[in-house]
Amino acid sequence: MCGLVGMVGKTDVAPDIYDALTVLQHRGQDAAGIMTCNGGRFSQRKNEGLVRDVFRQHHMQRLQGAVGIGHVRYPTAGSSGPALAQPFYVNSPYGIALAHNGNLTNSEQLTRELFQADLRHLNTDSDSEVLLNVFAHELQTLGKLNPTAEDIFEAVAAVHRRCRGGYAAVALLVNYGVVAFRDPFGIRPLVIGRRDHATGAEYMVASESVALSVLGFTLLGDVAPGEAIFIDMQGTLQRRQCAQHTKLLPCIFEHVYFARPDSMMDSISIYKTRMRQGEALAKKIRRQQPDLHIDVVIPIPDTSRIAAQSMAFELNIKFREGLMKNRYIGRTFIMPGQSQRRKSVRQKLNPVPLEFEGKNVMLVDDSIVRGTTCRQIIQLARDAGAASVFFASAAPPVRYPNVYGIDMPAASELIAHGRSVEQVCELIGADWLVYQDLADLVRCSREGNPRADGFDCSVFNGEYITGDVDQHYLDRIASLRSDAAQTESRAALQAAGAVVGLHNDL
């Protein structure tokens with residue numbers, strides 16, 4: 001999962017892109033990058049680390065230009081390392097930089113086509129570079145010295161015909177403007193906003209609406225599935241549907257975990273969706289365990305807080321903040337390596353003993369993936385004196401890997417894969433475990449936008465909506481996503497980082 005920003009303004013846009021990336025930092029903490037265009041030249045800064053660490057004052061001073069794009073990276077397909085920080089760049093045609101959120105499920109096939117038929121070289125194993133080169137090739141085949149908006153839309157249409165998977169992208173064309181597009185199923189999110197300036201309108205596209213609102217942009221809406229948006233250097237906005245067959249099937253795990261609660265996605269309030277998740281959980285607890293004695297509901301900060309508050313209210317039980325979070329530790333879900341995640345849990349959370357001593361505690365989390373984190377937190381609660389520890393997940397059991405841009409581990413590393421709820425409960429050490437029902441989770445999201453055709457729920461039900469994911473593909477990504485494989489890849493890339501890819505420190 002990554003965060004995207006693209007902007008066409010009236011003055012230098014790098015400061016606004018920087019601020020937007022800090023707002024989207026929760027979507028990726030591996031690397032960050034900004035690329036701007038001024039006078040026909042690209043300027044860029046990208047590196048591993050948080051936004052605040054990658055960009056210094058002298059970097060920002062050199063990132064000049066009224067158009068630009070930005071990216072925060074969370075490693076999915078491919079590996080981690082400085083060479084894989086985005087945006088990526090190709091010099092032909094025109095000069096194109098691109099930032100991408102998602103995952104192409106046919107990247108292997110596209111890589112062969114790009115080399116054998118399109119005669120294009122790839123520098124990394126990132127599917128984002130594949131997407132960039134497909135777009136660049138389709139633009140180049142048009143043979144236009146000065147492409148029009150129609151030419152750009154035609155190239156995006158060709159991208160949709162060739163690429164499979166979940167993807168949202170923003171691209172910067174030297175001297176032409178910013179292009180943004182979204183896959184035909186709308187799996188990965190993308191929104192657009194407008195801000196008035198003394199000399200005309202400024203536009204920003206971003207992964208989440210919160211990046212727009214923080215910077216004073218008015219949300220115009222979502223980029224529709226299969227739609228492309230082109231904003232030229234003068235600030236003229238044009239939109240076109242570029243895919244023949246589209247459905248709105250956004251990733252429901254965005255609503256569970258990734259998105260900020262103050263964001264709107266596909267006209268769905270993430271805040272209200274998580275409130276409904278808590279209400280649905282409370283009703284299920286009443287059905288399954290009407291006599292369960294719970295003294296206090298405690299959220300596992302931060303993404304479960306809203307669902308936990310709503311659950312406590314529905315059950316008429318005290319809600320307390322019993323786990324204090326060190327806000328300088330990153331999100332454990334997106335940390336590379338199981339050992340680092342395990343170590344970070346104890347550094348990140350510390351119990352308030354008064355809220356645990358002698359009490360029957362209901363801990364609430366947004367989901368359970370590997371089970372490592374919740375197992376440790378349950379032990380923290382017991383060490384703090386809890387009499388009983390119950391556990392509630394606002395999401396159903398995660399039993400299948402995600403292939404559309406969330407680097408969930410191989411199925412064998414998912415604690416719920418091939419196990420019953422009772423078996424998971426025993427493994428994590430809880431006295432009782434309750435999961436959200438998938439039908440309830442879907443209903444919680446659909447209430448926000450009844451016009452949605454459905455949701456990508458593949459991590460829960462194993463149904464991959466693009467229709468091109470088979471066991472061979474799942475076996476291949478399993479071999480790439482194991483902790484051992486990722487550790488080996490990171491070491492190799494770091495050793496080669498000085499010479500692989502475009503890495504410009506400015």
Worksheet item: When you look at R162 and D118, which way does the salt bridge (charged side-chain N to carboxylate O under 4.0 Å, His left out) test go after all the steps?
Response: CA-CA 13 Å; R162 294 182 66 179; D118 301 346; 3.0 Å; yes
Review point. H26 and E208: side-chain contact (heavy atoms from CB on, under 4.5 Å), yes or no, with the steps?
Key: CA-CA 11 Å; H26 61 285; E208 295 186 31; 2.8 Å; yes
**OP:** Evaluate the salt bridge (charged side-chain N to carboxylate O under 4.0 Å, His left out) criterion for residues D262 and R260: first the C-alpha distance (whole Å), next the side-chain angles of each, then the deciding distance (0.1 Å), finally the verdict.
**Re:** CA-CA 5 Å; D262 44 347; R260 270 182 47 156; 2.6 Å; yes
What do the steps show when you test F88 against N133 for side-chain contact (heavy atoms from CB on, under 4.5 Å), and what is the final call?
-> CA-CA 10 Å; F88 286 127; N133 276 273; over 6 Å; no
Audit row: C251, I406, side-chain contact (heavy atoms from CB on, under 4.5 Å) steps and yes/no = CA-CA 10 Å; C251 173; I406 303 174; 4.0 Å; yes
* To do: Show your working on side-chain contact (heavy atoms from CB on, under 4.5 Å) between Y203 and V178 and close with a plain yes or no.
  => CA-CA 10 Å; Y203 292 97; V178 168; over 6 Å; no
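No side-chain N or O of E463 forms a donor-acceptor pair with one of S458 less than 3.5 Å apart. In the model, Q277 has no side-chain atom that pairs as donor or acceptor with a side-chain atom of S310 under 3.5 Å. Between the side chains of D366 and T303, at least one donor N or O lies within less than 3.5 Å of an accepting N or O. Residues D468 and T105 have side chains that bring a donor and an acceptor to within less than 3.5 angstrom of each other. Looking at S92 and Q140, their side chains do bring a donor and an acceptor atom within 3.5 Å of each other. A side-chain donor from one of Y167 and H160 sits under 3.5 Å from a side-chain acceptor of the other. A donor and an acceptor atom, one from each side chain of H137 and E113, are nowhere located under 3.5 Å apart. Donor-acceptor pairing under 3.5 Å is lacking for the side chains of T273 and H255.
To the nearest 0.5 angstrom, I229 atom CD1 is 10.5 Å from C242 atom SG. With values rounded to the nearest 0.5 angstrom, F230 atom CZ is found 9.0 Å from Y176 atom OH. In this structure, SG on C444 lies 12.0 Å from CZ on R274, to the nearest 0.5 angstrom. Atoms CD1 and CG, on I34 and L172 in that order, are 12.5 Å from each other to the nearest 0.5 Å. In this structure, M265 CE and S445 OG are separated by 11.0 Å, a value rounded to the nearest 0.5 Å. Taking SG from C37 and CD1 from I69, the interatomic distance works out to 10.5 Å, rounded to the nearest 0.5 Å.
Counting only distance, with no hydrogens or angles, the side chain of E314 and the backbone of E279 share no donor-acceptor pair below 3.5 Å. Here the side chain of R399 pairs no donor or acceptor atom with the backbone of L414 at under 3.5 angstrom. Looking only at distances, no side-chain donor or acceptor of D151 sits under 3.5 Å from a matching main-chain atom of E154. Using a distance-only test at 3.5 Å, with no hydrogens or angles considered, a donor-acceptor pair links the side chain of R164 to the main chain of R161. D127 places no side-chain N or O within 3.5 Å of a backbone atom of V130 that could act as its donor or acceptor partner. Remark: the backbone N or O of A394 is paired with a side-chain donor or acceptor of Q436 at under 3.5 angstrom. In terms of modelled atom types and a separation under 3.5 Å, the side chain of K46 and the main chain of Q86 share no donor-acceptor contact. No side-chain donor-acceptor contact under 3.5 Å links D453 to the backbone of K247. A donor-acceptor distance shorter than 3.5 angstrom exists from the side chain of R419 to the backbone of I415, with no hydrogens or angles considered.
Taking the six-membered ring for Trp and thresholds of 30 and 60 degrees, Y404 and Y464 have ring planes more than 60 degrees apart, a perpendicular arrangement.
Side-chain atoms of M264 and V191, non-hydrogen and from C-beta on, never get closer than 4.5 Å to each other. Using a 4.5 Å heavy-atom threshold, the side chains of V434 and V421 count as separate. Counting heavy atoms from C-beta outward, V398 and M408 have side chains that approach closer than 4.5 Å. Side-chain atoms of L104 and L110, non-hydrogen and from C-beta on, do get closer than 4.5 Å to each other. Between E254 and R27 there is a side-chain heavy-atom pair separated by less than 4.5 Å. E422 is not listed as a side-chain neighbour of L433, based on a closest heavy-atom distance of 4.5 Å or more. Within the 4.5 Å cutoff, side-chain heavy atoms of Q25 are placed close to those of L50. Annotation: side chain of C374 is in contact with side chain of F391 (closest heavy-atom distance under 4.5 Å).
Remark: E48 does not engage R73 in a salt bridge, criterion side-chain N to carboxylate O under 4.0 Å. Electrostatic pairing of E447 and R443 counts as a salt bridge here, judged by a charged N lying under 4.0 Å from a carboxylate O. The residues K284 and D437 are annotated as salt-bridged, a charged nitrogen and a carboxylate oxygen being separated by less than 4.0 angstrom. Between E227 and R182 no salt bridge is recorded (no basic side-chain N to carboxylate O distance below 4.0 Å).
If you look at Y89 and F42, their ring centroids are closer than 6.0 Å.
For Q288, the CD atom counts as densely surrounded, since its 6.0 Å shell holds more than 12 non-hydrogen atoms of other residues, nucleotides or ligands. Other residues, nucleotides and ligands place no more than 12 heavy atoms under 6.0 Å from the CD atom of E426. Around atom OH of Y94, more than 12 heavy atoms belonging to other residues, nucleotides or ligands sit under 6.0 Å away.
The two residues G371 and I428 make their nearest non-hydrogen contact at O-CG2, 4.2 Å. The shortest non-hydrogen separation linking P184 to H245 is CB-O, 3.7 Å. Minimum heavy-atom separation, P396 to Y435: C-CD2, 3.6 Å. Nearest heavy-atom pair across V364 and S304 is O-OG, 2.8 Å. Closest non-hydrogen pair, V67 versus V13, comes out as C-CG2, 3.6 Å. G166 and I187 make their closest contact through CA-CD1, 4.0 Å (heavy atoms, listed as atom of the first residue, atom of the second, distance).
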